[in-house]
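Heads up: the structure comes next, in structure tokens.
Order of the sequence lines sets the chain letters (A, B, ...), proteins ahead of strands, with each chain counted from 1.
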Amino acid sequence: MTSPPGAHLPEHPDFLWDNPEPKASYDVVIVGGGGHGLATAYYLAKVHGITNVAVLEKGWLAGGNMARNTTIIRSNYLWDESSGIYEHSLKLWEGLEEDLGYPILFDQRGVLNLAHSLQDVRDSVRRVNANRLNGIDAEWVDPAGVKEICPIVNTSPDVRYPVLGATYQPRAGIAKHDYVAWGYARAAHAMGVDLIQNCEVTGLETSQGRITAVETSRGRIAAGKVALCAAGHSSVLAKMVGLRLPLASHPLQALVSELLEPVHPTVVMSNAVHVYVSQAHKGELVMGAGIDSYNGYGQRGSFHIIEQQMSAALELFPVFARAHLLRTWAGIVDVSPDASPIVGLTPVGGLYLNCGWGTGGFKATPGVGDCFAHTIAHDKPHPFNEPFTLERFTTGALVDEHGAAAVAH
Amino acid sequence: MQLIPCPWCGPREEAEFHYGGQAHVAYPEDPSALTDEEWAQYVFFRENPSGPFAERWSHNAGCRRWFNAVRDTRTHDLLAVYRVGEPMPEVIA
Amino acid sequence: MTFRTPTGGAIDRDTLLHFTFNGQSYTGHPGDTLASALLAHGVHEVGGSVKLGRPRGIVAAGSEDPTSLVQIEAPFSEPMLLATTVELYDGLVARGLAGQGKLAAEPDPARYDAKHEHCDVLVVGAGPAGLVAALTAARSGARVVLVDEQNQAGGALLGVDEYVDERPSAEWVADVVAELKSTPGVLVLERTTAFGMYQDGFVLALEKRTDHLGFAAPEGVARQRVWRIRTRQTVLATGAHERPVVFADNDRPGIMLASSARTFLHRYGVLPGSRAVVFTTNDSAYCAAIDLAESGVDIALIVDARHEAPARLATECAARGIEVRAGHVVVGTEGAGRVTGVRIGPLAPASPDITVACDTVLVSGGWNPVVSLFSQARGKLRYDAELGAFVPGEELSTVRVAGSATGELDLNACARQGRDVGSEAAAAAGFAPGGQVPLPVSDSRCTARSGLVLWRVPGDDDASFVDLQRDSTVADVLRATGAGLRSLEHIKRYTTIGTAHDQGKTSGMIAAGIVAEALGVELEDQRPTTFRPPYTSVSFAALAGRDRGELHDPVRVTAIHPWHVAHGALFEDVGQWKRPWYYPKPGEDLHTAVLRECRATRESVGMMDGSTLGKIDVQGRDAGKFLDMLYTNMMSTLKVGKIRYGVMCGVDGMVIDDGTVIRVGDERYLITTTTGNAAKILDWMEEWLQTEWPHLDVHCTSVTEHWATIPLVGPRSRDVLAAVAPSLDVSNEAFEFMTWHDTVVAGVPARVCRISFSGELAYEINVTAWHGIAVWEALMAAGEQYGITPYGTETMHVLRAEKGYPIIGQETDATVTPQDLGMSWAVSKKKPDFIGKRSFARAENNRTDRKQLVGLLPVDPSVLLPEGSQIVETDRLPEPPVRMLGHVTSSYPSAALGRTFALALVRSGHERIGETLFVPVEDALVPVTVTESVLYDKEGARRDG
């Protein structure tokens, strides 16, 4: 008899972390216990030996976008600046399971980014060529090649927007989000980092242009340095020190189906038809929708976005017709004007900013954790996040991944 | 999907509308007199509050008029809508 | 052996249905579900479990069932349905699943649709509370929609044999439904599940219209329909689900919820087994026991966890010879597959003292109100300690709850709530009370809610299943809390409890209870995990509805489209438009066709369908002033009768569109936009006009589809035009470049513009769309003697590229300024301001190494550079990352140049003219010479013919 479909999934370890009371002061306080905050804490402790660190989370660890994303990992971005930090991240992903000692189910099953118009094709080929010169695995595949990699994609020319080809990054893939976050959390905790949940930051205290403490729902916590890793809530936090950010927080919805036998061996994304979908290890189809147009902090989107998503999905994957939608949810993504992040120093001494990842934050988790920890430890950006300053909006040195027709997520 | 009360047409489905971001951000009188920082604030920086937010909508698939609204971004509840040129009403979130 | 009762149940015993399950043939009756038909044959084991491979049976009778997952194989494959919700039909083929289904390989032939419905009061659930609420609201004159997931109204009444108003409850239900259906403005939807509740009274419901018909489903009728209901007021009468108690080996087939067994008996005429042990914490299971005993099931024992059995019910049991053992619990079960016996012991300490043989265990651990929709409506929940469940914890202004969804379990009280809430909802929607609905009175014997809240019986934690679908046990929960997890959300993720097909309908509350016990916290202080849409699963196809294939996105075609199709054009998707790409002759590929089209046009005359270009009529006293702000160059000075090319930038100074501006009158302009940006640019103009400059007197109207637009291009274009427009003086003197004339072309009024996107003598002929084909054909006829050649977008691209004209969106990518395109000439120095001007002064805009538009000539004139190629400085590639100077935006073989060429954005490109750079193509580096972007007829000699 064949073994049951769910028999081989790894278990979580018997111990993850303690739930300490916050101390009166820390060398570094990280605001936001999502993937980025936890990874930052981990690399601060591991690479820089800074362990007197607290990660403050207003809800439960990794309960924000980390718990709500579709876990796509890739580095095939157009611009040098983007591919630099995302490829750094991908390289760390490749060793992360061993590094964390946690079965994060990182699976390099490749990603196809489909092209549906002649301009899509030009943009895609441009990105493939740029990726290769940047040392990133990338190839252009024609519709037959798409079919070979992912047989369930409808490559018929007789559809509304036929597939004209795709870019393919074989090293791209997916991972299990909770496992990643918990792996970082457990490892950071083991090195002495305090993980403090149900602790909402209500104020940032400064003195003579320097951060001195955070006010929280669990009292004042003095801090030598404060690092913001709060994704959709970054604007609200930055405003506490009078810092305006060029961000808009939007709902981003996603959904899963019930468990299905494997049909989808890779990850497929289509900007033109607005679909990105993979099949997780247990067998559920995981799909992301487009972002809702309006600003929102409600972790809830509009249903017509899901309906559009389904219509688009069936265009590309007719076999999904009788799959069933099991659960929908929304995260809050902080979108910057050029669809690139903001990572670095701020005008306030000892206050560091990591935000603006929009829909792309999950894949950057190890990379930005490493670079942000470096930035905090040295009070100086890591070369990989140096281009992603707040000042670029003044000088005009944007890293325009929107305009570059690069794909979201 | 929300109902958005267009001040010209009455309540209509959200899908008929186009979102326009923060309201009351005037085009500068004399852009050339602004520093790069000030100009960047106009071009790229917008308020992004968690709570009541004065913002612009256009009834794109209806009367095609732009109007302003105050919406609570936590709940998406529309607290007020008003026409362009009218002052922002007091709202209680 | 049959487990079908000799009489009773809402099934049609006279009709036999044949079906196949797990390869075996069975029979059933109309009115059966797959589950009831299987149970009638004594089949409990449906599938296996997802992780451990243990057998799984049927636990509940409805959509809350956690285990009876099946794959439908005929009439059409569908994964992961519950046997308890599949209505039986003749020819059904299904098999049990181990938690994972299979998608059909072939396309789904069914149709799906959606319907909008508006009402004053939506009632969800047609049980007693919902029926009374709906009738009360209907009698007040409100438009009422009543939805219910079952194939008939009645709710909990369907599963009992109780009397209402001294007659069978089905009669009372039928009367209410009949009145509702005959009341104007009332819509009753059966087999319709409200699955999502959004803002402003927006409720989504899925109606299964033909699923139950199987092979007999009529073609052309939508199989499922999504109802998009917009309601003023909602009454949630969604009922309650019985929950089990967790004990060791509680997952064996044959172990089911007591009320579900009662439902199988009364609704389907099916007995769950021959000999049952009942394990309960409350009164309701006694009724199941009594009813089943009266139908011939041997009730071996009722095990009541409470210290004392309810006296009246215990007496009734004694009268039937049923033993009741209070203060006892089921400690474990036995059996290889199906349960064969239970071990029973005192509640504390829970150690077995007797074993009772049985083939069925009926469990009741109390009731969980169904609060999913209320929670989706953002209603706060409250823990009810007496009930051991979360209940609606606040009143919402537009959402009311009635019946057992509130935690009220007494039928008479539920009906009263239904009446109160139905009347409140109607009043809130603006309707005065109508005729009072008499409250039904039931003879129910099992109404007490005084149960004991018991989540689990201590035992083998590894075999005590909390989530039967996920194989998650008490041990898993304790391991999660032991690992340091405190939040229910974390524990749910650690154990995967509540994430399966049933979304934890029966397991979620128990998990929360066990966690609270393990952590020593009060459930009052716990936040339940979030209920997310959909309430029950919905097929992707139902949600996509009819928006598939051609209807996925509208197709836009021009007035001349039929001609292009008839003449063999291949089409390119540009936005929603289908544009002729090229017109291959037999044996031609893209390149040969395009070379022919280019040559014909440059040497004689060609024409294309340019109707998709965006056209916006701009009128008003301030039109010129307004256009001066939009375009980088000056438009207010344009003279009537003249045409000017213009570029638009965003506030960030990056090019967003370009096109021509023609001045029609003192206060009127007609502007054109690129095909793909037409709607965006109109919106852009409206946004500025309405929100920034409402004082300007300007009105904009899209006239894109009013006109058919035909560029007539090439040295012979003047001759062709003269032939079809005899009243027009086409001489160069009378009809200058960049001017326009209204005239008559081929007998119809036309506006002819002398503009050129190819460098050739050219005219753009605009006529009303109605006349598009006639004029096109007249031009073809008039040009025949010159070999007039229709061409598509590809040839258009080549001709303009030879002249260095950029295509917005191809040469630009939102990081390109007019200066980068070499269009400083189109950027006004005189105007004090225009949109984007200030950004030109930023540091980044003034770098000398910006990427600029240039031409590239491969040193080998036969080499065609792939579009999208990157450009490097050295003839050998260093190790990555390699410094890139830019990329090839356009690249073509050119008939006119007799060689290949390309356009490119290159860092410091304007300074590099004459340099040799390299383009990596596959494994080679192709040397190219940088040139100006204009490669053909640099002097512009051809413009005037």
Inset, instruction - Side chain from CB out, backbone as N, CA, C, O: work out which of these in C/R493 comes under 4.5 Å of a heavy atom of chain A, or both, or neither. - result: both
Legend entry - Top contributor to chain C contacts, counting heavy-atom pairs under 4.5 Å, from A/A130, A/G283, A/A7: A/A130
Legend entry - Best-contacting candidate, C/Y494, C/F76, C/Y112, against chain A by heavy atom pairs under 4.5 angstrom: C/Y494
Inset, instruction - Identify which part of A/A397 has an atom lying under 4.5 Å from any heavy atom of chain C, answering side chain, backbone, both or neither. - result: both
Inset, instruction - Kindly determine whether A/L118 and C/W581 satisfy side chain to side chain contact (heavy atoms under 4.5 Å, CB included), including the steps that lead there. - result: CA-CA 10 Å; A/L118 297 177; C/W581 186 15; 3.5 Å; yes
Legend entry - Distance, nearest 0.5 Å, that separates CZ of C/R842 from OG1 of A/T395: 7.5 Å
Legend entry - Set of side chain to side chain contact (heavy atoms under 4.5 Å, CB included) partners for C/P79, sequence neighbours left out: A/E258, A/L260, A/R322, A/H324, C/Q71, C/L103
Legend entry - Residue pair A/W60 / C/S487: nearest heavy atoms and the distance that separates them: CG-OG, 3.7 Å
Inset, instruction - Among the options C/M80, C/R548, C/E550, C/Q810, pick out the one with the most heavy-atom pairs lying under 4.5 Å from chain A. - result: C/Q810
Legend entry - Region of C/H490 that comes under 4.5 Å of a non-hydrogen atom in chain A: both
Inset, instruction - May I have the step-by-step check of side chain to side chain contact (heavy atoms under 4.5 Å, CB included) for A/L133 and C/L877, ending in yes or no? - result: CA-CA 9 Å; A/L133 292 169; C/L877 284 184; 3.9 Å; yes
Legend entry - Interface residue of largest heavy-atom contact number with chain A, from C/D547, C/T536, C/V538, under 4.5 Å: C/V538
Inset, instruction - Let me know if C/R470 has heavy atoms under 4.5 Å from chain A in its side chain, its backbone, both or neither. - result: side chain
Legend entry - Proximity breakdown for A/W182 and chain C, heavy-atom pairs closer than 4.5 Å: side chain
Legend entry - Rounded distance (nearest 0.5 Å) linking atom CE of A/M310 with atom CZ of C/F540: 4.0 Å
Inset, instruction - Report the distance from atom CZ of C/R546 to atom OG of A/S311, rounding to the nearest 0.5 Å. - result: 13.0 Å
Inset, instruction - Could you check which of C/G99, C/G549, C/G482 has the highest count of heavy-atom pairs closer than 4.5 Å to chain A? - result: C/G549
Inset, instruction - Please look at A/L9 and chain C and tell me whether the side chain, the backbone, both or neither of the residue comes under 4.5 angstrom of a heavy atom of that chain. - result: neither
Inset, instruction - Check the pair A/E11, C/K51 against salt bridge (charged side-chain N to carboxylate O under 4.0 Å, His left out), reporting the backbone distance first and the verdict last. - result: CA-CA 12 Å; A/E11 299 277 349; C/K51 206 159 83 184; 3.7 Å; yes
Inset, instruction - Using non-hydrogen atoms and a 4.5 Å limit, figure out which bit of C/Q503 sits close to chain A: side chain, backbone, both or neither. - result: side chain
Legend entry - Test salt bridge (Lys or Arg N to Asp or Glu O under 4.0 Å) applied to A/K282 - qualifying residues, sequence neighbours left out: none
Legend entry - Residue selection (most heavy-atom pairs with chain C, distance under 4.5 Å) from A/H12, A/H189, A/H8: A/H12
Legend entry - Separation of C/E489 CD from A/D178 CG (nearest 0.5 Å): 10.0 Å
Inset, instruction - Please determine, among A/L61, A/D18, A/V128, the option with the most heavy-atom pairs under 4.5 Å with chain C. - result: A/L61
Legend entry - Under 4.5 Å from any heavy atom of chain C - which part of A/S124: neither
Inset, instruction - Evaluate side chain to side chain donor-acceptor pair (under 3.5 Å) for A/Y161 paired with C/D553, printing each intermediate quantity in order. - result: CA-CA 9 Å; A/Y161 291 113; C/D553 199 31; 2.6 Å; yes
Inset, instruction - Please say whether the positively charged group of A/R300, taken as NZ for Lys or CZ for Arg, lies over the ring of C/Y198, i.e. under 6.0 angstrom from the six-membered ring centre and within 45 degrees of the axis. - result: yes
Inset, instruction - Against chain A, label C/A500 side chain, backbone, both or neither, depending on which of its atoms sit under 4.5 Å from a heavy atom there. - result: backbone
Legend entry - Which atoms of C/Y535 approach chain A - backbone, side chain, both or neither, heavy atom under 4.5 Å: neither
Legend entry - Per-residue contact mode, C/P107 against chain A (heavy atom under 4.5 angstrom): neither
Legend entry - Between C/H552 and A/R160, a side-chain donor and acceptor under 3.5 Å: no
Inset, instruction - Would you mind checking if C/E922 and A/R132 are paired as a salt bridge, meaning a charged N to carboxylate O distance below 4.0 Å? - result: no
Legend entry - Atom group of C/E106 that falls short of 4.5 Å from chain A, counting heavy atoms: neither
Legend entry - Between C/A110, C/G484, C/G101, the one whose heavy-atom pairs under 4.5 Å with chain A are most numerous: C/G101
Legend entry - Portion of A/N198 that has a non-hydrogen atom of chain C nearer than 4.5 angstrom: neither
Inset, instruction - Look up atom NE2 in A/H304 and atom CG in C/L543, then write down how far apart they are to the nearest 0.5 Å. - result: 14.0 Å
Legend entry - Atom group of C/E572 that falls short of 4.5 Å from chain A, counting heavy atoms: side chain
Inset, instruction - Examine whether an atom of A/V263 lies under 4.5 Å from a heavy atom of chain C, and if so say whether it belongs to the side chain, the backbone or both; otherwise answer neither. - result: side chain
Legend entry - C/R228 vs A/E307, salt bridge (charged side-chain N to carboxylate O under 4.0 Å, His left out): CA-CA, chis, key distance, verdict: CA-CA 11 Å; C/R228 299 171 182 157; A/E307 291 178 312; 3.3 Å; yes
Inset, instruction - Flag the pair C/E844 and A/R392 as a salt bridge only when some basic side-chain nitrogen lies within less than 4.0 angstrom of an acidic carboxylate oxygen. - result: no
Legend entry - Working for side chain to side chain contact (heavy atoms under 4.5 Å, CB included), residues A/W17 and C/L485: CA-CA 8 Å; A/W17 53 72; C/L485 300 182; 3.3 Å; yes
Legend entry - Which portion of C/L97 sits near chain A, non-hydrogen atoms under 4.5 angstrom: neither
Inset, instruction - Heavy-atom distances under 4.5 Å only: say whether A/N134 touches chain C with side chain, backbone, both or neither. - result: both
Legend entry - Greatest number of heavy atom pairs closer than 4.5 Å to chain A - which of C/L81, C/T499, C/D476, C/D108: C/D108
Inset, instruction - Please round to the nearest 0.5 Å and tell me the distance separating atom CD of A/E261 and atom NZ of C/K102. - result: 5.0 Å
Legend entry - Part of C/S49 lying under 4.5 Å from any heavy atom of chain A: backbone
Legend entry - Contact class of C/T793 relative to chain A, heavy atoms under 4.5 angstrom: neither
Inset, instruction - Starting from the C-alpha separation in whole Å, work towards a yes-or-no answer on side chain to side chain contact (heavy atoms under 4.5 Å, CB included) for A/L398 and C/T815. - result: CA-CA 8 Å; A/L398 271 55; C/T815 68; over 6 Å; no
Legend entry - Contacting region of A/P337 [heavy-atom separation from chain C under 4.5 Å]: neither
Legend entry - chain C contact via A/E284 - which portion, at a heavy-atom distance below 4.5 Å: neither
Inset, instruction - Would you mind checking which part of C/T496 comes under 4.5 Å of any heavy atom in chain A, side chain (CB onward), backbone (N, CA, C, O), both or neither? - result: side chain
Legend entry - Segment of C/R54 engaging chain A (4.5 angstrom heavy-atom cut-off): neither
Inset, instruction - Evaluate the side-chain proximity of C/H887 to A/N129: yes if any heavy-atom separation is below 4.5 Å, no if none is. - result: no
